[in-house]
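Okay, structure first, notes after.
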Amino acid sequence: MVHVIKTRRGVASRLGEEEQGVDAMQPDPLTVRIPAAIRMTGIGRSKLYELIQSGDIEIVKIGAATLIPVDSLRQLIDRNRR
């Protein structure tokens, strides 16, 4: 069985069954960047920055990169469930 996967630059790559297992073993990310956090939560960019400023969402700064721990996003969603 062969799957065709579209890559970031639009070049198709083929994965055989032996390569699929490697992708399935990749751990979930510990942190995400701002655009990924927006997509994951559905929160707008401005609101996300407000939540960071207020301390409702934690961030990690490494150099110029602003990273958001995925656990912090999960906690935010859990706190606001109704």
Side-chain angles (χ1 to χ4, degrees):
M1 173 183 253
V2 175
H3 296 278
V4 176
I5 297 176
K6 191 168 186 173
T7 61
R8 205 176 236 177
R9 295 190 176 155
V11 178
S13 67
R14 299 169 83 98
L15 294 179
E17 291 177 3
E18 65 282 350
E19 294 176 13
Q20 291 176 27
V22 174
D23 289 337
M25 294 173 46
Q26 292 293 328
D28 291 334
L30 297 174
T31 61
V32 293
R33 292 182 182 251
I34 298 291
I38 291 167
R39 285 191 306 272
M40 290 170 66
T41 61
I43 295 171
R45 180 181 163 94
S46 296
K47 184 63 176 178
L48 187 68
Y49 278 109
E50 286 176 22
L51 292 167
I52 290 169
Q53 187 68 29
S54 69
D56 289 327
I57 294 178
E58 299 172 343
I59 62 166
V60 176
K61 290 289 284 185
I62 299 178
T66 300
L67 304 173
I68 300 175
V70 173
D71 287 341
S72 182
L73 295 174
R74 287 191 178 117
Q75 290 170 6
L76 173 76
I77 299 301
D78 289 342
R79 283 193 306 267
N80 289 288
R81 286 183 190 240
R82 294 183 186 197

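This structure is a prediction, so every number in the text was calculated from the model and none was measured.
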From L51 CG over to T41 OG1, what is the distance, rounded to the nearest 0.5 angstrom? 8.5 Å
What is the minimum heavy-atom distance between I68 and A37, and which atoms define it? CD1-CB, 3.8 Å
Can you see which heavy atom on P69 is nearest to which on V60, and at what distance? CG-CG2, 4.0 Å
Could you state the interatomic distance from CG (L67) to CD (E58), rounded to the nearest 0.5 Å? 12.5 Å
Are L73 and I43 linked, directly or through intermediate hydrophobic residues, by side-chain heavy-atom contacts shorter than 4.5 Å (ILVMFWY only)? yes
Which atom of A65 lies closest to which atom of R33, heavy atoms considered: CB-NH1, 3.8 Å
Connected via hydrophobic side-chain network under 4.5 Å: I38 and Y49: yes
Rounded distance [0.5 Å steps], CD1 in I59 versus OG1 in T31: 11.5 Å
Do L48 and M40 sit in one hydrophobic cluster, given that two such residues count as connected whenever their side-chain heavy atoms are within less than 4.5 Å of each other, even indirectly? yes
Under 4.5 Å between side-chain heavy atoms, hopping through other hydrophobics if needed: is there a path connecting I34 to L76? yes
Kindly give the heavy-atom pair with the smallest separation between D56 and S54, and that separation in Å. OD2-OG, 3.0 Å
